[in-house]
Structure formats: C-alpha cells, structure tokens
There are 2 protein chains.
Amino acid sequence: MTETSGSGDVHRSLALLWDPTGGPARGQPGRLSLEAVVDAAISVADADGLEAVSMRRIAGELGVGTMSLYRHVPGKEELLDLMLDRVLGDDDPTPFPVDWRATLERYGREVWALYRTHRWLPFVDQSRPLLGPRAVTGMEAVLGGLTDTPASDTHKILAFSMVETYVAGLARVTNGAELAEERSGVSTEEFWQAQGPVLVAAMQSGRFPRMAALDEEVFATTPEETFEFGLGVLLDGLAPRLGGTAVDSAG
Amino acid sequence: MTETSGSGDVHRSLALLWDPTGGPARGQPGRLSLEAVVDAAISVADADGLEAVSMRRIAGELGVGTMSLYRHVPGKEELLDLMLDRVLGDDDPTPFPVDWRATLERYGREVWALYRTHRWLPFVDQSRPLLGPRAVTGMEAVLGGLTDTPASDTHKILAFSMVETYVAGLARVTNGAELAEERSGVSTEEFWQAQGPVLVAAMQSGRFPRMAALDEEVFATTPEETFEFGLGVLLDGLAPRLGGTAVDSAG
DNA sequence: TCTTCTTGCGTACACTATACGCATCACTCT
DNA sequence: AGAGTGATGCGTATAGTGTACGCAAGAAGA
C-alpha cells in the first residue's frame with residue numbers, strides 16, 4: 001500500500017473547508033455538490049480502500065462524468081484533505097473532564113475508534129494538516145481538558161500530538177494487515193507460515209538463538225491488547241511531565 | 001504523498017532476500033543484477049522521493065530496458081521489500097548492553113537516524129514485514145539487550161515494536177513536512193501563514209478561546225526536541241512494565 | 001553442431017490524474 | 001421579452017504508471 005498525499009492548493013482547500021456555501025446563484029444550479037463528492041469518496045474508501053479512490057471511480061459512483069468533479073474540487077489532494085475533516089464528525093464533542101490523564105485517555109480511544117472505523121484514514125499523509133473546522137473544534141475540546149496541568153503549552157501540544165502519532169502508527173500496522181489479508185486472500189497466519197520454512201532454517205542455523213527461543217504466541221497479541229498496552233505506557237510516561245505527581249498505574 | 005505497498009509474492013521475495021546467489025550458470029551471463037536494481041531504486045528514492053521510484057526511472061538510471069528489471073525482481077512491491085532490508089546495513093551491529101532501558105534508547109536513536117537518512121523509508125507500508133536477514137539480525141541483537149528484565153517475551157516484543165511504531169510515525173510527519181517543502185517550494189512557515197487569515201478569523205470568532213490563547217512558538221518545536229521528548233516518555237512509561245523499578249527521569 | 005536455457009527488451013494494455021475547450025442552461029439586467 | 005453573463009457538465013487528449021506477452025540473441029551442455 002502506498003502513501004497518499006494531501007495538501008495541494010492551500011488557499012483553495014481552506015476556502016472549501018471553512019466556507020462550503022454553494023457559491024453565487026448565477027448560472028446553472030448544478031446537480032453535483034462538494035458534499036456529494038466528498039461523501040462518495042469516503043464511501044469508496046470505506047468500502048474498497050484508499051487505492052480504490054480514483055476520480056473515475058467516484059464519478060462513476062455518482063453517475064457523472066469524470067471531469068465534472070473538478071468543478072467542485074481543485075484536485076485529488078484537496079479531496080483527501082476534505083475527506084479527512086469530514087470524517088471527524090459533525091456534532092460538538094461532549095466536553096472533556098478537566099483531568100489531563102482522563103482527557104488524553106479518552107482522546108486516544110476516540111482516535112483509535114475513528115481510525116479503526118475508517119481504515120484508510122491513517123494512510124492519508126498528514127504532514128501538512130489542513131486545519132478544518134472540525135479539527136480545530138476537537139483540539140479546542142482537548143485543550144479544555146488539559147487545564148489542570150501546570151505544564152507549558154508546548155508540553156501540552158507535545159503530549160497531545162504524541163498520542164495522535166502513536167495511535168495513527170498502530171492503526172496503520174493493524175489496518176494494513178487486515179486490508180492486505182482481505183485484498184490478497186492470504187490470511188495473516190498463512191503469510192507467516194509462508195515465511196516459516198525460511199525462518200526455521202535461519203533459526204536452526206544457530207545465528208539467532210534468542211529469536212529461536214521465542215514462544216510462538218508472542219506474535220499472537222491482538223490489536224486491542226497492543227493498543228491498551230501502548231496507551232498505558234504513554235499515559236504513565238507523560239505523568240512526570242504533565243502531572244507533577246507519581247506514576248498512577250502499571251500493567 | 002500516497003502510501004506505497006510492499007508484500008507481493010511472499011515466497012519469491014523471501015528467496016531473493018535470503019538467497020541472493022546469481023542463479024544457474026546457464027544461458028547468457030547477464031549484465032544486470034538484483035543488487036544493482038535494488039541499489040538504483042534506493043538511489044532514486046533517496047534523491048527524489050518514493051513517488052519518483054518507477055520501473056521506467058530505475059531502468060533509465062541503469063541504462064537498460066524497463067522490462068529487463070522483471071528478470072531480477074518479481075514486481076514493484078517485492079522491490080520495495082528488498083529496499084527495506086537493504087538499507088538496514090550490512091555489518092553486524094555492535095552488541096547492545098544488557099540493560100533494557102539503554103538498549104531501547106539506543107535502538108530508538110538508531111531507527112530515528114535511519115529514518116531521517118532515508119526519508120522515504122517510513123512511508124513504505126510495513127504491515128506485513130518480510131523478515132530479511134538484516135532485520136532478523138537486528139532484532140536478535142535487541143533481544144540480547146533485554147535479558148535483564150523479568151518481563152515476559154510478549155512484553156519485550158510489545159515494548160520493542162512500540163518504539164518502532166512511534167519513531168516511524170514521528171519520522172513520517174517530520175520527513176513528510178520536509179519533502180512537501182522541497183517539492184512544492186512552499187516552506188512550512190509559508191504554509192502555516194497561508195492558513196493564517198482563515199485561522200485568525202476563526203480565533204476571533206470566540207469559538208476557540210483556548211486555541212486563540214496559545215503562544216505562537218508552541219508549534220516551533222524542532223523534530224529533534226520532539227523526538228527526545230517522545231523517547232523519554234516511552235522509556236519512562238515502559239519502566240514499570242519492564243524494569244520493576246521506579247521511574248528514572250523526567251524532562 | 002544442436003539443443004536448451006537465460007537474459008534483455010519492444011510492444012501493448014489497462015489504468016491513473018488532469019489541462020483544455022465547448023455546449024448548455026439559469027439567472028440578471030436592459 | 002431579449003440579451004448578456006457566468007457557471008456547470010463533460011468529451012477529448014496528454015503524460016504518466018505497472019506489467020503481461022513474446023521474440024531475438026547468446027552462452028553452456030550434450
């Protein structure tokens with residue numbers, strides 16, 4: 001699976017993000033809308049993955065010509081940015097408790113759930129995130145939950161984005177494995193078994209004693225278990241930097 | 001930037017990874033070799049990024065016909081897998097100290113350095129990692145450094161891959177921003193300034209008081225500072241699970 | 001020498017994004 | 001009502017992608 005880039009024309013994308021009003025009421029009304037295009041793209045991505053999202057496919061899904069899409073979206077990169085902001089959800093989030101640990105924990109779980117629902121999401125490049133209204137709203141809500149820590153704003157942002165980065169990375173691995181399984185028809189188990197013979201030979205060579213001694217079930221950890229482990233590590237590691245108090249738990 | 005997938009024909013790739021011998025000495029000797037193809041691909045990726053790595057481009061770089069590459073590599077996905085194992089370096093790594101914290105710290109720094117040297121690397125999908133000889137060698141070395149912890153093998157692997165996942169995620173963001181800057185000619189600063197007007201308007205709306213109150217320099221953290229923060233958090237968070245002792249440091 | 005096997009590669013096909021230009025139609029102004 | 005304006009939908013064309021197929025050339029074994 002190959003990475004997909006966002007961020008084309010910044011001004012144009014921002015305008016579409018913050019001002020989705022239907023434009024001037026001159027000329028033909030138009031049966032196609034920006035919202036319809038973005039929604040169709042998300043449907044395709046949810047159903048068949050990010051690499052199935054092509055302009056032809058979206059247009060076909062909507063029953064219009066391919067180039068008609070370009071009347072509402074500057075290009076594919078901008079479309080991806082719009083998809084990102086769209087899936088963040090419409091409604092105002094329920095406020096976070098004023099408790100940095102509970103806030104970051106809930107935020108981590110929400111992001112994880114979101115990335116698991118839209119499995120293409122962690123594969124969209126976010127190195128230049130366009131700040132849409134929903135993204136800003138969500139960030140504002142998280143900041144509201146972090147007001148109980150004496151840490152600097154810089155540390156708050158660092159903590160916030162570290163949770164995001166880790167969860168996105170884990171979701172990439174998890175979703176990638178699932179999608180590869182569905183697409184190739186080769187299950188993850190079969191995939192590792194296919195590597196078996198070579199690995200067995202390597203193990204028997206005696207060059208990798210510690211790897212050879214590993215129990216097989218070591219790699220059987222479920223995504224949810226991995227996520228819980230990781231989230232716990234993050235919160236415990238952030239504690240000395242945000243809480244000023246001792247570590248709360250261990251697992 | 002769009003995500004690139006590895007993992008095509010597993011058996012074929014594994015054979016190429018572990019047995020790069022030149023094949024039977026029948027027929028024409030052949031001036032092209034697997035190693036040359038992989039090296040050329042890495043050169044292109046280092047110079048112009050992952051999306052510049054096309055079969056035509058690699059062939060052109062080697063002065064051969066495009067389809068000649070397919071005599072040595074089953075396809076592009078397999079080529080990416082081979083590139084991955086190749087950049088892990090040839091030589092045996094210097095052994096890790098028997099100290100889980102020092103080991104994971106050094107491992108994290110090495111992975112970070114590697115991902116920063118080959119900036120395309122964190123964009124290659126690793127959800128189905130092919131275990132090449134160099135990858136196995138590296139993992140064996142890390143396991144050797146983790147023998148001082150009473151934690152289970154499962155927890156060792158979890159800790160190990162958590163460092164990998166986080167560093168890869170951070171490198172994706174960092175490298176992605178740099179590459180976008182070089183490719184588009186729009187600097188990161190200009191990019192954020194382009195978002196300025198819209199964001200200022202949003203801030204002045206009063207709907208985002210906490211975001212509006214953020215100091216500007218909050219987003220000026222350098223990649224290295226972010227990495228150091230993250231690595232410290234990880235090690236501190238892993239301590240109660242691996243060390244059985246109290247937290248060592250805070251920053 | 002003749003057969004066999006391998007390499008190199010030209011051509012073709014099915015995809016991708018998107019630049020350009022034209023016909024169509026609705027609304028606004030005269 | 002009629003003319004003018006401007007946006008919409010979209011057909012065509014271009015430049016790129018990965019790769020299946022088949023053929024010519026040449027070296028080693030029989």
Side-chain angles (χ1 to χ4, degrees), chain A residues 1-9 12 15-16 21-37 40-41 44-45 48-83 183, chain B residues 1-9 12-13 16 21-37 40-41 44-45 48-83 183:
Chain A
M1 168 168 312
T2 301
E3 184 104 357
T4 311
S5 82
S7 303
D9 184 336
R12 191 98 173 71
L16 290 171
T21 62
R26 190 70 151 277
Q28 211 163 251
R31 50 198 177 90
L32 203 52
S33 72
L34 170 65
E35 203 184 15
V37 173
V44 171
D48 295 336
L50 202 56
E51 78 290 332
V53 177
S54 72
M55 300 307 264
R56 277 169 174 54
R57 169 74 184 273
I58 298 170
E61 217 79 23
L62 290 167
V64 301
T66 306
M67 293 312 290
S68 306
L69 303 180
Y70 288 90
R71 288 287 170 196
H72 300 86
V73 170
K76 197 184 179 184
E77 297 198 352
E78 291 81 357
L79 175 56
L80 288 168
D81 283 329
L82 295 171
M83 289 168 69
R183 268 199 289 271
Chain B
M1 170 169 315
T2 302
E3 183 104 357
T4 311
S5 85
S7 304
D9 184 337
R12 192 98 173 71
S13 301
L16 291 171
T21 64
R26 189 70 153 275
Q28 211 163 253
R31 50 197 176 90
L32 203 53
S33 73
L34 170 64
E35 202 185 15
V37 173
V44 171
D48 295 335
L50 201 55
E51 77 290 333
V53 178
S54 73
M55 301 306 265
R56 280 169 173 76
R57 168 74 184 272
I58 297 170
E61 217 79 24
L62 290 167
V64 301
T66 306
M67 292 314 290
S68 306
L69 303 179
Y70 287 90
R71 288 287 170 198
H72 300 85
V73 170
K76 196 185 179 182
E77 297 197 351
E78 290 82 357
L79 176 56
L80 287 168
D81 283 329
L82 295 171
M83 290 169 67
R183 268 199 289 272

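Any value given below was found using the heavy atoms of this structure, including those in side chains, with hydrogens, waters and symmetry copies removed. We name chains A, B, ... by the order of the sequence lines, and we start the count at 1 in each one.
Here the shortest heavy-atom pairing between A:Val44 and A:Ala52 reads CG1-O, 3.6 Å. The minimum heavy-atom distance linking B:Ala41 with B:Val53 is given by the pair O-CG2, 3.9 Å.
Nucleotide C:dT16 holds its P atom 13 Å from the CG atom of A:Asp48, rounded to whole Å. In this structure, the CG atom of B:Leu79 is 10 Å from the P atom of D:dT19, given to the nearest Å. Computed from coordinates, the A:Lys76 NZ to C:dA19 P distance equals 14 Å when rounded to whole Å. Protein atom CZ of A:Arg57 is 17 Å distant from nucleotide atom C1' of C:dA17, rounded to whole Å. Atoms CD1 (A:Ile58) and P (C:dT18) sit 11 Å apart, rounded to a whole Å. If you measure from atom CD of A:Glu77 to atom P of C:dT18, you get 7 Å, rounded to the nearest angstrom. The distance from atom CE of A:Met55 to atom P of D:dT12 is 19 Å, rounded to the nearest whole Å. Rounded to a whole Å, the OH atom of B:Tyr70 is 19 Å from the C1' atom of D:dC23.
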Atom pairs, N/O to N/O, protein against nucleotides 9-12 of chain C, distance under 3.5 Å?
from, atom 1, to, atom 2, distance (Å)
C:dC9, OP1, B:Arg31, NH2, 2.8
C:dC9, OP2, B:Gly65, N, 2.9
C:dC9, OP2, B:Ser68, OG, 2.9

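Distance check, rounded to the nearest 0.5 Å: NE2 of A:His72 to CG of A:Leu32 gives 4.5 Å. Rounding to the nearest 0.5 Å gives a distance of 7.5 Å between CD1 of A:Ile58 and NZ of A:Lys76.
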Validation: residues 59-69 of chain A side-chain donor-acceptor distances under 3.5 Å, sequence neighbours left out:
from, atom 1, to, atom 2, distance (Å)
A:Glu61, OE1, A:Arg57, NE, 2.9
A:Ser68, OG, A:Gly65, O, 3.3

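The phosphate of D:dA7 (OP1 or OP2) has no side-chain N or O of A:His72 nearer than 4.0 angstrom.
Summary of helix geometry: the two end axes of the helix from C:dT1-D:dA30 to C:dT30-D:dA1, each defined by five base pairs via their C1' atoms, are inclined to each other by 10° (rounded to 10°).
You'll find the side chain of B:Met83 reaches within 4.5 Å of the side chain of B:Leu80, heavy atoms only.
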